[in-house]
Amino acid sequence: MYLGAAPGVGKTYAMLGEAHRRRSRGTDVVVGLVETHGRAATITQIGDLEVVPRRVVSHRDVELTELDVEAVLARDPQVVLVDELAHTNAPGSRHRKRWQDVQDLLAAGIDVVTTVNVQHLESLTADVEAITGVRQRETVPDQVVRDADQIQLVDLSPQALRRRLAHGNVYRAEQIDASLSSYFRTGNLTALRELALLWLADRVDDALTRYRADHAISGTWPARERIVVAVTGGPEGETLLRRGARIAQRAAGSELVAVHVLATDGLPSAPPAAIAASRELVESLGGTFHTVVGEDVASAIVDFAQGVNATMIVVGVSRHSRWREALLGSSSAEIARLAGTIDVHLVTHEKARAGRLLRGRWSALSRPRRTAGWALAFVVPAVLTGIFWLLRDVVSLSTELMLFLAGSVAVALVGGLWPAVAAAVVSFLCLNWFFTPPTGFLTVQDPENLLALLVFVLVAAAVASVVDLAARRTAQAYRARAEASTLAALSRSVLSGEDTAQAIVTRLAETFGLSRVELETRAGERGPWRTVASTGRVEGDVRLPEGDGVFAEGDRTPAEGDGRTGARSAVGHLDDAERTELRVDDSHRLSLWGRALPASDRQVLEAFAAQAGLVLEYRRLREQAAQAAVLEEADATRTALLAAVSHDLRTPLASIRTAVDGLASPDVHLDAEDTDALTRTIQDSTGRLEKLIDNLLDLSRLQTGSVRPVLRAASVDEIVPLAIEPYGPGVVRLDVPDDLPLVRTDPGLLERAVANLTSNAVRHSPPGEPVRITASAGPREIELRIVDTGRGLSDESKIRMFEPFQRLGDTTGEGLGLGLAVADGLARAVGASITPEDTPGGGLTMVVTVPREAREDDDVSTDGTGRHRGVGTGTADGGTRDTSSTSETGEVRG
């Protein structure tokens, strides 16, 4: 594939040169299609290459030539040249796009050499339009170009291309001035050239990545600048990301990548809201955000950087205090040690060296357990000392050490790390004073006993640390599982389309034991807050929102500052309770009353707030979609009605006006034959106009629900003949037995439905082929079959055939496409149904199923002919009417 930045850079010329080189090596090469645009050098370059004749296509009285795919497949060369890959084929071609023709050739095992300009790449059309002001109508998917085995850039400087254009080597003389002053301006060509170079650089980078992976190359090849920023979720994240973005901007084509490391246990190491904010910032800066899992943060970051072939890692100065960094080290120093050939950029920030407490260190165990642990830290050693003092002549020192160690472990299980350490120290002192010679002194005579005591303290501290860590991890795991379960349930309710605003506040109150939760919204930045959903009921002198949930003035003061305020007049007895406000976005907030929430709970609340934002956005989009659907349907109806007024109704009116003018004109002398012809024109056009208006009125009545059928017993062999009165025996052939059971219907409405179906069948039947109408009785219904032998309809068209304004291939220009919609609506109104079926041998059969009259009916009697007549029959709305019938338009008469 030869890729160019603009027309005229020499892609086609280079492609033809490649064809000559391949043919000289013995390759079977043919020219499938080459667009020379009248350029003499290109025509000469074709030379003696074999050219496959093009396929000629006629379109709108113009003959167009296209690639003849069938001819190329029949010729079956090794290589074929196909110019202008993004070209749109003429109507009637094998495919709509030329790149689809190329895929057929590739599937047949034929290699293809082709050309394309960068402005035709689908992903760059918006950029090209912004640069040149020209919207590219012909595009090719980027993936088609990426799949090429080789991409060759045909490059030419803007100045050289403008000289080539000025010399007449690209366009005809009359087009040169306009082209130089518009599309081929130097700035446009420079920008297009940069787009082509950058796009191709990305493809080369992909190829380099695949090559390094295939050859297991782990070292960094600095082919382009790729900056990796390590994000912890801390307050320094924004500073690091913006510094990394500035570094990336110094070199064109640089890439910004942010990475966050999760612990292997899956527990969150940073607030979800902070990570979400970092992701949003990275994407706004033009970079990408990635999350990786690793046991060691430094190693995970370096491994990721090497995997993406990064040239620099940006990390922040440690927030830990100096003493802790001296004891435990820092991730930034470890990254610098492991980075190898990758540069490490260390960024200082406001929180550097500020130190921080270990979050969650005291939160794993409850306060009663910690209190009990501290008590046991002194009671257990004292009790063991008393027991062993009484048994000092029986129990050896080694046994005493083991039991004191077991006591320290028991304290760790109850109270955690620090009570266990205290128990170990107290146990050491007791062992040393009471049981280690010389007793009564804090000295040890035997070095072996001293070693045993020291090992005892170390083991006790280590075991206590492990037990405490396990307890904290267990508590965190339980909490994480509960949080994940709650958020998953909320996500499922969002995806299922429920109105989950109430679900959010309910789950918040249940999960955190809150007395009241409100989800509020406001219009604008200073508008009053109104409640969308709330839970909990407040007792006492309280005014809760009524109606739409808008608080009256003075009910509540909007929270400002740090988000915590009292809400005295609005919450009654909750005025002494803790109130927490959490902003979802500028227009929504969550207000919570109850206990004070720790920082760990606030992290989950932020996740809930994010879910609340999704719920509100989902509901807003759903409402907008519903409104758009209504507007779209109304717009379609309005457009169709305008078309009807402008064309379908205007045509018969014009015919009537012409005929009337001819009859009324004093300057025109008409004989009897001409007068009859004009009179027939008026009659036909009036009938056609009347039919169109009737259909419009019927449709409007059906849509507004104003059609109220009067159901009674009726005979099919009386209804159908009335529906086909306008047609002669050669047009409609009727086969309805006169001994069919009676049906329960509104005769006028059913007659109108059958008439519309018959009219549709007559219009689509071949000349000389009559429409057949048959009837047969079933156990509960009568089936009318209106059969035509026309072209029939596809299954897809059958689905849409009863929608208003559907012509479905009717090119007669008669009607609005309302006949079937009206027929279906009338049939449904009388309890019947219409089902389209294929006619054996071709055509369409409309099956009308009408329910039979009940065999025993107290309200039905018979006349002298044996046929039923309706007396006091029920109506569709459950009431009763006097003996009546309906007109053809559905209006009640009688």
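Side-chain atoms are counted along with the backbone in the values below, which use heavy atoms only and exclude waters and symmetry mates. Everything quoted here is computed from the prediction, not taken from an experiment.
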Show the numbers, then the answer: is there a salt bridge (Lys or Arg N to Asp or Glu O under 4.0 Å) between E35 and R54? CA-CA 11 Å; E35 297 289 358; R54 300 188 183 188; 3.5 Å; yes
Below 4.5 Å, heavy atoms only, C-beta onward: do [X] and [Y] meet side chain to side chain?
| X | Y | result |
| --- | --- | --- |
| L33 | L81 | no |
| D674 | D676 | no |
| T774 | L784 | no |
| V771 | V787 | no |
| S776 | I782 | no |

Knowing that exactly one of D101, D68, D104 qualifies, which makes a salt bridge (charged side-chain N to carboxylate O under 4.0 Å, His left out) with R94? D104
[X] side chain to [Y] side chain, donor-acceptor N/O pair below 3.5 angstrom:
| X | Y | result |
| --- | --- | --- |
| T114 | R98 | no |
| T681 | S655 | no |
| H87 | E66 | yes |

Mark yes or no for whether S685, through its side chain, and I682, through its backbone, hold a donor-acceptor pair below 3.5 Å. no
Quick check: closest heavy atoms across A71 and V52, and the distance to 0.1 Å? CB-CG1, 3.7 Å
Salt bridge R852-E781, side-chain N to carboxylate O under 4.0 Å: no
Is there a side chain to side chain contact (heavy atoms under 4.5 Å, CB included) between T115 and L85? Walk through the geometry before answering. CA-CA 6 Å; T115 65; L85 185 66; over 6 Å; no
